[in-house]
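Here's the structure we're looking at; comments come further down.
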Amino acid sequence: MTENVDQGAHDERIKQTSKLRDWLIRPELGAACGTILVFVFFLMIARDTGMFAPDGIRNWMIVAAQFAIIATGACLLMIAGEFDLSIGSMIGFSGIVIAILSVQVGLPMWLAIIGAFVVAMAIGAFNGFLVIRTGLPSFIVTLASLYILRGLTIWLSILTTNRTIISGVGQAGEGDWLGIAFGGVAFQGLFQWFADVGILATYATGTRAGQPLVAGVPMMIIWAIVLIVFAHLLLTRTRFGNWIYAAGGNAQAARYAGVPVNRVKILMFMFTAFCATVFAAAQVMEFGSAAADRGMLKELEAIICVVIGGALLTGGYGSVVGAAMGALIFGIVQQGLYFAGAESSLFRVFLGVILLMGVILNTYIRQIITGEK
Amino acid sequence: MSEPIIELRGIEKHFGPVIALAGVSLGVHPGECHCLLGDNGAGKSTFIKVMSGVHQPTKGEIRFEGAPMRFGDPREAIAAGISTVYQDLAMIPLMSVARNFFMGNEPQKRVMGIPFFDHDHANRVTMQEMARLGIRLRGPDQAVGTLSGGERQTVAIARAAYFGAKVLILDEPTSALGVRQTSNVLATIDAVRKRGVAVVFITHNVRHAHAVGDRFTVLNRGKTLGTASRGEITPEQLQDMMAGGEELAELEGSLGGTV
Ligand SMILES: Nc1ncnc2c1ncn2[C@@H]1O[C@H](COP(=O)(O)OP(=O)(O)OP(=O)(O)O)[C@@H](O)[C@H]1O
Ligand SMILES: [Mg+2]
């Protein structure tokens with residue numbers, strides 16, 4: 001029964017394809033092209049504006065990092081076959097929870113932040129539980145959460161402070177270790193050294209004279225990188241990653257093969273909530289305040305990043321690296337137009353165009369990979 | 001004779017008002033190939049899904065290795081050593097062959113204490129097991145969606161045969177296969193059986209059933225028509241029985257009172 005199949009032999013029914021082509025045809029290709037394109041574009045039109053000076057780079061890197069943090073969660077969730085439209089509301093909610101717990105209740109900042117994570121992930125789990133139990137599309141369930149959470153956030157904020165903005169978070173978090181982990185900067189020593197050896201410009205006057213223009217890498221960026229690396233390894237290199245693909249590709253088939261689909265999906269809803277709270281915590285620590293209207297439309301922007309990154313809206317296919325590139329495109333375009341002095345409304349035009357181009361290209365690439373055509 | 005490794009008694013399965021199974025009993029011994037036959041809609045797939053943990057029986061008892069057992073989901077059945085090729089194959093078209101092959105049973109290797117998916121092992125085993133069944137893959141990372149129907153079926157069979165430690169259930173595994181691949185699958189069933197695995201084989205093809213079956217159970221409209229051992233029944237009689245039991249009266253004698 002065993003046949004001797006020489007696996008090294010060339011199969012006459014397969015056309016030889018070049019190594020380069022094989023290497024290029026991957027889900028991230030569309031996003032990679034887009035990234036290069038916007039880079040070249042803004043290098044051409046905005047080079048003299050300071051966009052590519054150290055503080056300019058920091059500026060759009062932070063924006064890209066913000067998108068990347070929520071896109072990472074949305075990406076794994078979408079590959080697992082579900083949506084979360086409540087990401088934006090969750091950002092506002094978590095921020096207000098941190099502010100209320102630290103400023104109003106007076107808890108230490110680290111406890112307030114951990115508290116927000118616990119509450120947010122519990123809500124994420126509940127979203128997932130509802131989706132699994134009712135069998136309703138997550139689109140509908142989380143659309144409900146979008147409104148419920150936003151409403152609750154505003155109500156809670158007004159109930160406790162009579163305002164929709166809670167300030168004083170900066171003072172409350174002064175010197176707190178977890179607060180610094182979200183709002184601080186990393187590699188300060190390295191950047192000071194850069195300044196000392198003259199690679200990095202320094203402030204010439206004022207209280208910060210002699211200090212580098214860019215004090216270090218903002219924690220928002222560190223978080224983005226950590227989350228991207230974690231999610232990428234989880235998805236492509238672990239058993240659980242295979243379960244994520246399987247759950248989104250065909251939940252029934254995955255169940256038959258013994259994949260704990262419900263657990264996978266609920267965990268991904270929780271991970272998305274986690275990412276939204278990372279975003280919220282970093283933003284609250286950076287601004288020193290929380291506002292009930294933060295995070296509006298972020299859910300859609302996260303989904304756009306993910307789709308530009310090559311993921312399939314119906315699940316089972318996608319790439320974290322692609323989503324991260326989608327976020328980078330976002331950051332560059334949004335800040336680049338600002339640097340170039342363009343009308344800010346053009347940002348949306350640009351986005352829509354990129355989204356459309358990205359999706360068309362991605363569909364074509366995916367069909368090559370998966371043989372849909 | 002040895003004890004049956006898995007035994008189902010008086011299994012009933014209702015889907016709302018539909019009575020898919022109305023009291024079916026069947027036991028499979030280690031090293032035995034038990035063929036399950038019957039018309040379309042007879043309840044064969046529903047029955048094996050009760051064995052594989054997909055459905056929980058409305059009524060009836062399952063005994064596994066001599067003890068009462070209730071599989072809450074397929075994962076529990078797989079953990080107990082029961083693996084299944086479903087009629088719809090349970091494959092994920094967007095995923096690679098190797099990822100499909102090891103879905104739910106991913107091999108792991110530790111790097112700095114962290115368990116990672118052992119892709120090298122998965123790729124090697126997949127290619128090897130597919131070659132064993134006579135299918136030459138372009139590569140283990142080929143998406144299942146790019147395979148032909150029969151190739152896909154072969155992946156499902158190779159997967160189940162590889163992981164079926166104690167019981168292997170095959171729901172019409174040869175329906176889309178070519179001549180050579182079919183004989184490879186029948187040979188695989190034979191080899192797996194000789195390893196002491198209990199095989200449940202659903203087919204509409206009497207010749208296939210007769211080629212490897214040790215016992216034959218015919219289902220009709222959710223009920224067992226009877227069980228016969230090889231040698232007690234000719235392929236022609238089996239054929240008649242599968243047609244729905246019209247010839248049952250004539251057959252009763254040859255069934256040896258097992259009805
Ligand atoms: N989930 C379900 N809900 C309702 N009815 C069902 C369900 N699954 C199966 N049935 C019904 O149970 C009966 C038996 O179906 P089953 O799939 O077990 O047949 P089968 O013997 O495998 O047929 P085939 O040879 O065509 O594969 C059919 O009448 C079918 O309509
Ligand atoms: Mg069937």
Side-chain angles (χ1 to χ4, degrees), chain A residues 1-15 17 22 25-27 79 81 230 233-264 311-312 314-318 366-373, chain B residues 49 52-54 73-79 83-84 86 88-96 99-100 102-108 111 114-119 122 124 127-128 130-139 141-147 159 163 180 183-184 186-188 190-191:
Chain A
M1 78 180 247
T2 315
E3 272 180 61
N4 271 328
V5 176
D6 184 359
Q7 294 187 3
H10 170 58
D11 188 337
E12 73 286 356
R13 290 180 61 190
I14 297 167
K15 278 192 277 183
T17 52
D22 289 352
I25 297 294
R26 50 172 74 217
I79 296 174
F230 168 77
L233 289 179
L234 181 74
L235 182 65
T236 59
R237 294 287 148 87
T238 70
R239 154 180 292 187
F240 193 82
N242 208 40
W243 293 355
I244 296 178
Y245 282 122
N250 182 343
Q252 164 117 319
R255 275 197 194 100
Y256 283 5
V259 174
V261 172
N262 295 353
R263 199 193 330 154
V264 170
L312 191 58
T314 45
Y317 189 85
R366 195 185 63 245
Q367 285 171 340
I368 294 178
I369 298 177
T370 62
E372 286 167 62
K373 215 163 57 177
Chain B
K49 282 180 181 167
S52 70
V54 171
D73 59 32
R75 198 168 173 71
E76 291 174 19
I78 290 167
S83 76
T84 311
Y86 294 94
D88 61 11
L89 301 183
M91 289 281 178
I92 306 207
L94 288 169
M95 267 163 54
S96 74
R99 279 185 179 274
N100 266 288
F102 283 93
M103 175 167 56
N105 290 297
E106 293 81 0
Q108 305 200 79
V111 179
I114 306 164
F116 283 102
F117 190 144
D118 190 347
H119 283 289
R124 192 157 20 83
M127 290 304 274
Q128 169 198 318
M130 290 302 287
R132 205 195 280 281
L133 288 173
I135 299 283
R136 225 205 273 186
L137 288 179
R138 237 182 292 155
D141 49 1
Q142 189 179 355
V144 160
T146 64
L147 298 178
R159 172 173 76 178
F163 290 106
R180 195 160 58 91
S183 54
N184 280 332
L186 295 180
T188 304
D190 191 47

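Lettering follows sequence order; numbering is per chain, from 1.
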Heavy-atom pair count under 4.5 Å with chain A, highest-scoring of D73(B), L147(B), I78(B):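 With the most close heavy-atom pairs to chain A, the winner is I78(B).
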
Mind ranking G104(B), S183(B), P107(B) by heavy-atom pairs under 4.5 Å with chain A and telling me who comes out on top?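 Going by pairs under 4.5 Å, I would pick G104(B).
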
If I measure from the heavy atoms of chain A, does D190(B) come under 4.5 Å with its side chain, its backbone, both, or neither?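 It is neither, since no heavy atom gets under 4.5 Å.
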
Side chain, backbone, both or neither of Y86(B) within contact of chain A (heavy atoms, under 4.5 Å): side chain

Supply the atom-to-atom distance [X] [atom1] to [Y] [atom2], rounded to the nearest 0.5 angstrom.
{"X": "T146(B)", "Y": "I368(A)", "atom1": "OG1", "atom2": "CD1", "value": "13.0 Å"}
{"X": "F102(B)", "Y": "N242(A)", "atom1": "CZ", "atom2": "CG", "value": "10.5 Å"}
{"X": "F116(B)", "Y": "T238(A)", "atom1": "CZ", "atom2": "OG1", "value": "8.0 Å"}

Pair H119(B)-T236(A), side-chain contact (heavy atoms from CB on, under 4.5 Å): steps then yes or no: CA-CA 10 Å; H119(B) 283 289; T236(A) 59; 5.7 Å; no

Taking only residues at least two apart or on different chains, which pairs with a member in residues 234-245 of chain A satisfy salt bridge (charged side-chain N to carboxylate O under 4.0 Å, His left out)? R239(A)-E106(B)

Option in A246(A), G249(A), G316(A), A254(A) with maximal non-hydrogen atom pairs under 4.5 Å from chain B: A246(A)

Please list, chain by chain and in numerical order, all residues satisfying salt bridge (charged side-chain N to carboxylate O under 4.0 Å, His left out) with D118(B), sequence neighbours excluded.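 D118(B) satisfies salt bridge (charged side-chain N to carboxylate O under 4.0 Å, His left out) with K109(B) once adjacent residues are dropped.
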
Nearest heavy-atom pair of R99(B) and L235(A): which atoms, and what distance? NH2-O, 4.0 Å

Check against side-chain contact (heavy atoms from CB on, under 4.5 Å), Y245(A) and I92(B): CA-CA 9 Å; Y245(A) 282 122; I92(B) 306 207; over 6 Å; no

Identified side-chain contact (heavy atoms from CB on, under 4.5 Å) counterpart of Y256(A) within the set M103(B), M91(B), K49(B), R75(B): K49(B)

